[in-house]
Amino acid sequence: RRHMFRTFAFSRVQRLRQAARLPASPASGCRWYQVSPNSARPGMVIDLNGSPQIVVSKDHGGTGRGQAVIKLTFKHAVTGARSQERFRSNESLEVMLLVQNEYQFLYAADGKAHLMNMQTFEELAMDMDAFEGSKDKMAFLEDGMTVTVQALEPEPGAISWRLPPKHPYKVASVESRVARDKGATYLPATLENGAKVSVPDFVKPGETIIVDLENATYAGRA
């Protein structure tokens, strides 16, 4: 199985190197939609001067000529090279729509997430930096969880991955309500994987709940 994975990974590296020499183009079958720089979020793939750039982080860099300036850090989807660009708030960015496939998260090691395609059973190792969303949401990642991998086809292939919108978790503990918080309806809870979320005061340890992973909030009982 490890030999098959090494062969697959080597083949993918060859494809990536070949893709690095090819400009991005509408001929690849991609489609775009526009967002403002302020609406850009980590994991989005932007068509920047004809090349696919993954948004890594966003900072508000003050003002420029009376307008807010947003600084975006990018990672090239093929070469991995990082760069920074500044945009005015009234500018538009072209977001590339990607092919989405479901994978199962196997484990994380050496800064990579190891995933398995549930249709082909091929394994894929993706950088943890390719995770779409804020890093604090990685606390909700669990072995065996179904995640979505986004790919730019036909090249360079898989470039980002994200958690499902919702997922069930077992509650490990719930903090006791103190006297001065008699009006509280939500209490801090710790899930079995160590992640923390606020739950209604009727939720007890051992129960399984649904967590909205978009907002990291309680969404109901399982």
Side-chain angles (χ1 to χ4, degrees), residues 1-2 5 35 38-45 54-60 72-73 75 82 98 100-119 121-151 158-222:
R1 182 176 177 179
R2 291 184 179 274
F5 173 67
V35 298
N38 197 46
S39 298
R41 65 177 187 270
M44 277 186 172
V45 181
I54 303 171
V55 177
V56 176
S57 63
K58 176 178 66 178
D59 293 300
H60 294 273
L72 298 179
T73 300
K75 182 175 72 172
R82 297 201 175 212
L98 309 176
Q100 301 185 16
N101 296 297
E102 288 190 344
Y103 279 70
Q104 185 181 67
F105 174 74
L106 302 178
Y107 62 94
D110 301 322
K112 292 186 179 295
H114 294 264
L115 315 171
M116 182 174 66
N117 187 303
M118 300 306 294
Q119 300 297 322
F121 301 105
E122 289 181 316
E123 290 188 19
L124 174 66
M126 296 196 67
D127 289 340
M128 298 300 282
D129 285 346
F131 176 75
E132 181 179 340
S134 58
K135 301 307 178 187
D136 59 337
K137 289 186 180 178
M138 282 192 179
F140 293 95
L141 187 62
E142 286 193 326
D143 293 351
M145 173 185 279
T146 298
V147 300
T148 299
V149 172
Q150 297 195 107
I159 58 178
S160 68
W161 60 285
R162 66 171 181 264
L163 300 180
K166 295 181 179 180
H167 190 73
Y169 296 90
K170 183 169 286 189
V171 177
S173 64
V174 180
E175 288 189 18
S176 300
R177 187 190 336 212
V178 296
R180 65 176 180 274
D181 290 335
K182 288 184 178 179
T185 56
Y186 276 73
L187 301 171
T190 301
L191 308 178
E192 281 197 338
N193 68 347
K196 297 183 182 299
V197 66
S198 293
V199 300
D201 54 9
F202 57 76
V203 173
K204 306 300 180 185
E207 292 190 38
T208 300
I209 63 171
I210 302 296
V211 176
D212 177 347
L213 296 178
E214 295 286 341
N215 303 298
T217 56
Y218 171 85
R221 283 172 162 156

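Throughout, numbering of the chain's residues begins at 1 and tracks the sequence.
Residue Ala195 comes nearest to Ala139 through the heavy atom pair CB-O, 3.5 Å, listed as atom of the first residue, atom of the second, then distance. Across all non-hydrogen atoms, the minimal contact from Leu187 to Glu175 is CD1-O, 3.5 Å. Between Ser198 and Tyr218 the shortest heavy-atom distance is O-CB, 3.4 Å. Contact between Pro205 and Ala172 at its shortest, heavy atoms only, is CB-O, 3.6 Å. Shortest non-hydrogen contact noted between Leu163 and Leu141 is CD2-CD1, 3.6 Å. In terms of heavy-atom proximity, Lys166 sits nearest to Ile210 at CB-CG2, 3.9 Å.
For the residue pair Lys196 / Thr190, a side-chain donor-acceptor distance below 3.5 Å is found, with atom types taken as modelled.
Between Trp161 and Phe105, the two ring planes are parallel [angle under 30°; tilted spans 30° to 60°].
The backbone N or O of Glu214 sits less than 3.5 Å from a side-chain atom of Lys137, completing a donor-acceptor pair.
The existence of a salt bridge linking Lys112 and Asp127 is confirmed by a sub-4.0 Å separation between a basic side-chain nitrogen and an acidic carboxylate oxygen.
Under the 4.5 Å side-chain criterion, counting only non-hydrogen atoms from C-beta, Phe202 is not in contact with Glu207. A heavy-atom distance below 4.5 Å is found between the side chains of Val197 and Leu191. In this structure the side chain of Glu192 never reaches within 4.5 angstrom of the side chain of Tyr169, judged on heavy atoms. Side-chain atoms of Pro164 and Thr146, non-hydrogen and from C-beta on, never get closer than 4.5 Å to each other.
Atom OH in Tyr186 sits 8.0 Å away from atom OG1 in Thr217 (nearest 0.5 Å). Rounding to the nearest 0.5 angstrom, the gap separating the CD1 atom in Ile209 from the NZ atom in Lys170 is 12.5 Å. Atom CZ of Arg162 and atom OG1 of Thr148 lie 5.0 Å apart (nearest 0.5 Å). Leu124 contributes atom CG, which lies 8.5 Å from atom CG of Asn117 (distance to the nearest 0.5 angstrom).
Atom CG of Asp110 has 12 or fewer heavy atoms from other residues, nucleotides or ligands within 6.0 Å. The environment of CZ in Arg41 is sparse: at most 12 heavy-atom neighbours from other residues, nucleotides or ligands sit within 6.0 Å.
When the options Met118, Glu123, His114, Met145 are evaluated for a side chain to side chain contact (heavy atoms under 4.5 Å, CB included) with Gln104, the one that passes is Met118.
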Which is it for His167 and Val211 under the side chain to side chain contact (heavy atoms under 4.5 Å, CB included) test, yes or no, and what are the steps along the way?
-> CA-CA 6 Å; His167 190 73; Val211 176; 5.9 Å; no
